[in-house]
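Accompanying notes for the structure given below.
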Amino acid sequence: MKNVEHIGIAVRDMEAAEKLFGSLFNTQPYKRETVESESVETSFFKINQTKIELLEATNPDSAIAKFLEKKGEGFHHIAFEVEDILSEMERLKKEGFVLLNETPKNGADNKLVCFLHPKGTNGVLIELCQEIKKPDL
Ligand SMILES: CC[C@@H](C(=O)O)C(=O)SCCNC(=O)CCNC(=O)[C@H](O)C(C)(C)COP(=O)(O)OP(=O)(O)OC[C@H]1O[C@@H](n2cnc3c(N)ncnc32)[C@H](O)[C@@H]1OP(=O)(O)O
Ligand SMILES: [Co+2]
């Protein structure tokens, strides 16, 4: 496992949250992206080496909508960059961690992602992400 890739924060109102975090960080988000498979709208800030991912639900059945209903806005997950997501998933499975997806799925910002169940990680939802490399031309 490498560095922290991003920190995910669940928000109810993306416009308002972008304004608030924009003022806090004194910078604008560098990217907005809808991830249909997760039913989320994302917005990314970069503060030096740190990435913050704001997440708004686009569908009442999404993980973010459920989270907001139960826990309210705030810290949602921490994502770690990995070199080889398949081997890391295999290693963590052998260690007894519960993977929430058995095959990597497409995340935001050009990543393959996998989540670990928070019940097995002291209540913290962990995301693994591997950059999708563009083929050399
Ligand atoms: C944009 C793509 C990607 C990226 O590229 O960065 C993302 O970040 S997508 C982010 C949104 N997607 C996900 O979170 C996918 C993984 N999550 C899940 O599969 C589910 O949310 C879950 C973790 C399995 C929970 O779902 P479910 O069991 O259906 O919901 P419950 O509400 O019943 O929760 C059960 C239990 O888990 C606790 N919980 C839920 N979310 C979190 C969380 N983020 N952090 C900590 N704990 C969480 C929830 O409180 C329940 O606990 P109890 O009430 O004590 O049972
Ligand atoms: Co994320």
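Order of appearance sets the numbers: ligands from 1, and atoms from 1 within every ligand.
Counting atoms of ligand 1 from 1 in the listed order, those under 4.0 Å from a heavy atom of Val40 are 1 (C). Proximity to Lys71 (heavy-atom distance under 4.0 Å) selects the following atoms of ligand 1: 46 (C), 47 (N), 50 (O). The contact set between ligand 1 and Ala63, taken as ligand atoms under 4.0 Å from a residue heavy atom, comprises 12 (N), 13 (C), 14 (O), 21 (O).
Restricting Glu53 to its N/O/S atoms, the shortest distance to the Co ion (ligand 2) is reached by OE1. Within Glu127, OE1 is the N, O or S atom that lies nearest to the Co ion (ligand 2). Sorting the N, O or S atoms of His77 by how far they are from the Co ion (ligand 2) puts NE2 first.
Ion pairing of Glu69 with Lys66 is absent here, as no side-chain N (NZ or NE/NH1/NH2) approaches a carboxylate O to less than 4.0 Å. Here Glu5 pairs with Lys51 in a salt bridge; the nearest charged N to carboxylate O distance falls below 4.0 Å. The pair Lys105-Glu38 meets the salt-bridge criterion, since a charged nitrogen lies less than 4.0 angstrom from a carboxylate oxygen. For the pair Glu83 and Lys133, the salt-bridge criterion is met [side-chain N within less than 4.0 Å of a carboxylate O]. Salt bridge Glu90/Lys94: present, at least one basic N to carboxylate O contact under 4.0 Å.
The shell of residues lying under 4.0 angstrom from ligand 1, judged by heavy atoms, includes Lys70. Contact between Gly123 and ligand 1 is present, with at least one heavy atom of the residue lying under 4.0 Å from the ligand.
Dense packing is recorded around CG of Asn3, with more than 12 heavy atoms of other residues, nucleotides or ligands lying under 6.0 Å away. Other residues, nucleotides and ligands contribute more than 12 heavy atoms inside 6.0 Å of the CG atom of Asp84. Counting heavy atoms of neighbouring residues, nucleotides and ligands inside a 6.0 Å radius, atom NZ of Lys2 exceeds 12 of them. For NZ of Lys46, the number of neighbouring non-hydrogen atoms (other residues, nucleotides, ligands) closer than 6.0 Å is 12 at most.
Looking only at heavy atoms of the protein, atom 23 (C) of ligand 1 is closest to Pro118 CD, 3.7 Å. Counting only heavy atoms of the protein, atom 30 (O) of ligand 1 lies nearest to Lys66 CD, 4.0 Å. Scanning the protein for heavy atoms near atom 43 (C) of ligand 1, the closest one is Phe67 CE1, 3.6 Å. Closest to atom 18 (C) of ligand 1 among all protein heavy atoms lies Leu100 CD1, 3.9 Å. Protein heavy atom in closest approach to atom 16 (C) of ligand 1: Phe115 CG, 3.6 Å. Protein heavy atom nearest atom 14 (O) of ligand 1, with residue, atom name and distance: His76 CE1, 3.2 Å.
When the options Leu54, Ile9, Ile7, Ile64 are evaluated for a side chain to side chain contact (heavy atoms under 4.5 Å, CB included) with His76, the one that passes is Ile64.
Checking atom 54 (O) of ligand 1 against the protein gives a heavy-atom contact under 4.0 Å. Protein heavy atoms are absent from the 4.0 Å sphere centred on atom 40 (C) of ligand 1. There is no protein heavy atom closer than 4.0 angstrom to atom 28 (O) of ligand 1. Under the 4.0 Å distance rule, the nearest protein heavy atom to atom 25 (C) of ligand 1 falls outside the cut-off.
Of the polar atoms of His6, at least one N or O is found under 3.5 Å from an N or O of ligand 1, judged by distance alone. Polar contact check, Thr42 against ligand 1: no nitrogen or oxygen pair lies under 3.5 Å apart. The N/O atoms of Glu53, backbone and side chain alike, include one that comes under 3.5 Å of an N/O atom in ligand 1. Any N or O atom pair closer than 3.5 Å counts here, and Ala108 shares at least one such pair with ligand 1.
Side-chain atoms of His6 and Glu81 include no donor-acceptor pair closer than 3.5 Å. With no hydrogens or angles considered, no side-chain donor-acceptor pair links Thr58 and Glu41 at under 3.5 Å. Defined by atom type and a distance below 3.5 Å, a donor-acceptor pair is missing between the side-chain atoms of Thr42 and Glu53.
Note on Phe75 and Leu20: same hydrophobic cluster, where clusters join Ile, Leu, Val, Met, Phe, Trp and Tyr whose side-chain heavy atoms are under 4.5 Å apart, directly or indirectly. In the hydrophobic clustering of this structure, Val113 groups with Leu100; members are Ile, Leu, Val, Met, Phe, Trp, Tyr whose side-chain heavy atoms approach within less than 4.5 Å, directly or through other members.
With a 4.0 Å cut-off on non-hydrogen atoms, Glu38 touches ligand 1 through its side chain and not its backbone. With a heavy-atom cut-off of 4.0 Å, Lys119 touches ligand 1 through its side chain alone.
Taking 2.8 Å as the criterion, His6 counts as a coordinating residue of the Co ion (ligand 2), since one of its N, O or S atoms falls below it.
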